[in-house]
Number of protein chains: 2
Amino acid sequence: MKNFSILQTFGSNIRSLRRAQNMSQEDLADRSGLDRSYLGSVERGERNISLINILKIANALGISAKELFNDV
Amino acid sequence: MKNFSILQTFGSNIRSLRRAQNMSQEDLADRSGLDRSYLGSVERGERNISLINILKIANALGISAKELFNDV
DNA sequence: TTGTGACTATTAGTCCGTA
DNA sequence: CTACGGACTAATAGTCACA
């Protein structure tokens, strides 16, 4: 997978923002409407996630999508 | 297509940032390594672009990816 | 609670054109 | 310069059982 480190950074951002709210992957999955294992792979930087799903996650975290782009 | 207005806003951001630099779609296509007609459809909000390509576009525009998320 | 591999349906993205 | 279309291939979305 190309740009793996960028995807990893992005995924790490999701993970830390999720944990900052004491949410499990399953919690976030429920709120975003995405599959838990899919979210896990996004957090690990294994998926090249698309715009709509980025926005679903930001929404579920109650933040702006911009915050997911810290350091990427 | 779901979330059409969000994709449109995102595409508009790309378009105005591109025009602010007096670049054509073809210029941006060359710099980003993406297809010209594909970029056009992204700007029109017709495509659910993936993360790596979002970053390619931000790079080609010389900006942070965050700037593409104004108002989305 | 999370990681992982496997899988199919759907979409992303390319390349060729036209106006 | 840009919109738009057709046809095509590569890649992602989305799900599951099991580790």
Side-chain angles (χ1 to χ4, degrees), chain A residues 1-63 65-70 72, chain B residues 1-63 65-70 72:
Chain A
M1 172 87 73
K2 290 171 190 168
N3 292 292
F4 191 72
S5 62
I6 285 175
L7 297 180
Q8 275 187 321
T9 302
F10 187 83
S12 287
N13 287 348
I14 293 176
R15 177 161 292 184
S16 53
L17 289 163
R18 170 178 63 79
R19 287 182 171 161
Q21 303 190 31
N22 292 311
M23 293 174 57
S24 66
Q25 287 181 352
E26 195 159 7
D27 292 331
L28 183 55
D30 290 341
R31 296 197 198 189
S32 63
L34 298 172
D35 189 75
R36 175 192 62 74
S37 69
Y38 176 70
L39 271 175
S41 61
V42 169
E43 290 189 351
R44 271 174 266 126
E46 295 170 1
R47 300 276 190 149
N48 180 20
I49 189 174
S50 67
L51 178 53
I52 287 178
N53 284 349
I54 290 172
L55 298 173
K56 283 183 184 172
I57 291 173
N59 255 330
L61 289 171
I63 63 178
K66 285 189 182 188
E67 299 188 46
L68 297 174
F69 284 87
N70 288 328
V72 319
Chain B
M1 169 87 75
K2 291 171 190 167
N3 293 292
F4 190 68
S5 62
I6 285 175
L7 296 181
Q8 274 187 321
T9 303
F10 186 83
S12 287
N13 287 348
I14 293 175
R15 177 163 293 184
S16 54
L17 289 162
R18 171 177 63 76
R19 287 183 171 160
Q21 302 191 30
N22 293 309
M23 292 174 59
S24 66
Q25 287 181 351
E26 193 159 9
D27 291 333
L28 184 55
D30 289 341
R31 295 197 199 189
S32 63
L34 298 172
D35 188 73
R36 170 189 57 77
S37 69
Y38 177 68
L39 269 175
S41 62
V42 169
E43 289 189 352
R44 273 174 264 130
E46 296 170 1
R47 297 286 189 142
N48 181 22
I49 189 174
S50 67
L51 178 52
I52 286 179
N53 284 346
I54 290 173
L55 299 173
K56 282 183 185 172
I57 291 174
N59 254 329
L61 289 170
I63 62 177
K66 286 189 181 188
E67 299 187 47
L68 297 175
F69 284 87
N70 289 328
V72 319

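Here is how names work: the chains are called A, B, and so on, in the same order as the sequence lines, proteins then strands, and each is numbered from 1.
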By nearest heavy atom, map Ser50(B) and Glu43(B) onto DNA chain D; which one lands nearer the 5' end? Glu43(B)
Does the side chain of [X] reach to within under 4.5 Å of the side chain of [Y], using non-hydrogen atoms?
{"X": "Ile49(B)", "Y": "Leu7(B)", "value": "no"}
{"X": "Val42(B)", "Y": "Asn53(B)", "value": "no"}
{"X": "Arg15(A)", "Y": "Gln25(A)", "value": "yes"}
{"X": "Ile57(A)", "Y": "Leu39(A)", "value": "yes"}

If you compare every side-chain N and O of Asn48(B) against the phosphate oxygens of dT11(C) (OP1, OP2), does one of them come in below 4.0 Å? no
Could you walk me through whether Leu51(A) and Val72(B) pass the side-chain contact (heavy atoms from CB on, under 4.5 Å) test, one step at a time? CA-CA 11 Å; Leu51(A) 178 53; Val72(B) 319; 5.8 Å; no
Worked verdict on Met23(B) versus Leu61(B) for side-chain contact (heavy atoms from CB on, under 4.5 Å): CA-CA 9 Å; Met23(B) 292 174 59; Leu61(B) 289 170; 4.3 Å; yes
Taking only heavy atoms on the protein side, list every residue of residues 10-31 of chain B lying under 4.0 Å from any atom of DNA chain C, sorted numerically. none
Rounded to the nearest 0.5 angstrom, the OG-CG distance for Ser24(B) and Asn22(B) is 10.5 Å
Between [N] ([atom2]) and [X] ([atom1]): distance, integer Å:
{"X": "Asn53(A)", "N": "dG14(D)", "atom1": "CG", "atom2": "P", "result": "5 Å"}
{"X": "Ile52(A)", "N": "dT10(C)", "atom1": "CD1", "atom2": "P", "result": "16 Å"}
{"X": "Leu39(A)", "N": "dT4(C)", "atom1": "CG", "atom2": "C1'", "result": "15 Å"}
{"X": "Leu7(A)", "N": "dA13(D)", "atom1": "CG", "atom2": "C1'", "result": "15 Å"}
{"X": "Glu46(A)", "N": "dC7(C)", "atom1": "CD", "atom2": "P", "result": "17 Å"}
{"X": "Lys56(B)", "N": "dA11(D)", "atom1": "NZ", "atom2": "P", "result": "10 Å"}

Is there a side-chain contact (heavy atoms from CB on, under 4.5 Å) between Glu67(B) and Asn13(B)? Walk through the geometry before answering. CA-CA 8 Å; Glu67(B) 299 187 47; Asn13(B) 287 348; over 6 Å; no
Asn48(A)/Phe10(A) under side-chain contact (heavy atoms from CB on, under 4.5 Å): CA gap, chis, key distance, verdict: CA-CA 10 Å; Asn48(A) 180 20; Phe10(A) 187 83; over 6 Å; no
Protein and nucleotides 15-19 of chain D: nitrogen or oxygen contacts under 3.5 angstrom:
from    : atom 1 : to       : atom 2 : distance (Å)
dC16(D) : N4     : Ser37(A) : OG     : 2.4

